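Values in this document were obtained by computation on a predicted structure and should not be read as measured data.
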Amino acid sequence: LGWQVNTIKNVSDLQKNLGITTLNSTPYTILPKDKQAFNSKALIEKTGSTDGFRAYIGLIPESKTGVAILANRAIKSDDLVSTARKILEQGLQ
């Protein structure tokens, strides 16, 4: 589905990159099931749009923090992601 998984070390990782849609995405490799590990200290996020509608969902499992934003108009992806990350940042403090 195209989810982005970005490792975050602390709250400042979100603060420094609020206007950037990708934090530190790295190329991925599909690992065999026995070698897969879940990183709970990551920002997992997804944006989407269709016919003038916009959506964002992001969560940080370790802190049990998440946000979903649905908009019934077309807005820039960077603005949507920036707003969502600011909300997530407040949840981490």
Side-chain angles (χ1 to χ4, degrees):
L1 295 174
W3 289 83
Q4 285 184 253
V5 179
N6 301 292
T7 301
I8 54 174
K9 293 182 176 85
N10 53 48
V11 176
S12 66
D13 287 344
L14 288 176
Q15 295 168 336
K16 286 187 257 181
N17 299 292
L18 284 173
I20 302 170
T21 56
T22 302
L23 290 176
N24 293 315
S25 292
T26 54
Y28 67 89
T29 303
I30 298 175
L31 298 172
K33 279 273 192 208
D34 62 330
K35 298 202 181 206
Q36 292 178 13
F38 179 72
N39 178 6
S40 66
K41 195 170 193 168
L43 168 61
I44 303 168
E45 61 186 351
K46 176 82 173 105
T47 62
S49 65
T50 184
D51 295 330
F53 297 91
R54 244 2 193 139
Y56 172 93
I57 185 170
L59 32 121
I60 303 170
E62 182 180 77
S63 65
K64 297 182 181 175
T65 304
V67 65
I69 299 175
L70 308 172
N72 62 352
R73 59 180 255 204
I75 56 176
K76 291 193 293 184
S77 184
D78 282 353
D79 292 341
L80 184 65
V81 172
S82 175
T83 300
R85 288 186 182 166
K86 285 178 186 175
I87 293 168
L88 285 167
E89 174 192 336
Q90 290 173 357
L92 291 175
Q93 295 178 354

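The OG1 atom of T83 sits 10.5 Å away from atom CG of D78, with the distance rounded to the nearest 0.5 Å. Rounded to the nearest 0.5 angstrom, I69 CD1 and T47 OG1 are separated by 11.5 Å.
Partners of S49 by side-chain hydrogen bond (donor to acceptor under 3.5 Å, both in side chains), not counting sequence neighbours: none found.
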Result block: side-chain N/O donor-acceptor pairs under 3.5 angstrom for residues 54-62, not counting sequence neighbours:
from : atom 1 : to  : atom 2 : distance (Å)
R54  : NE     : I75 : O      : 3.1
R54  : NH1    : G48 : O      : 3.4
Y56  : OH     : E45 : OE1    : 2.7

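Legend: side-chain hydrogen bond (donor to acceptor under 3.5 Å, both in side chains) pairs involving residues 63-73, not counting sequence neighbours, sorted by first then second residue: S63-T65.
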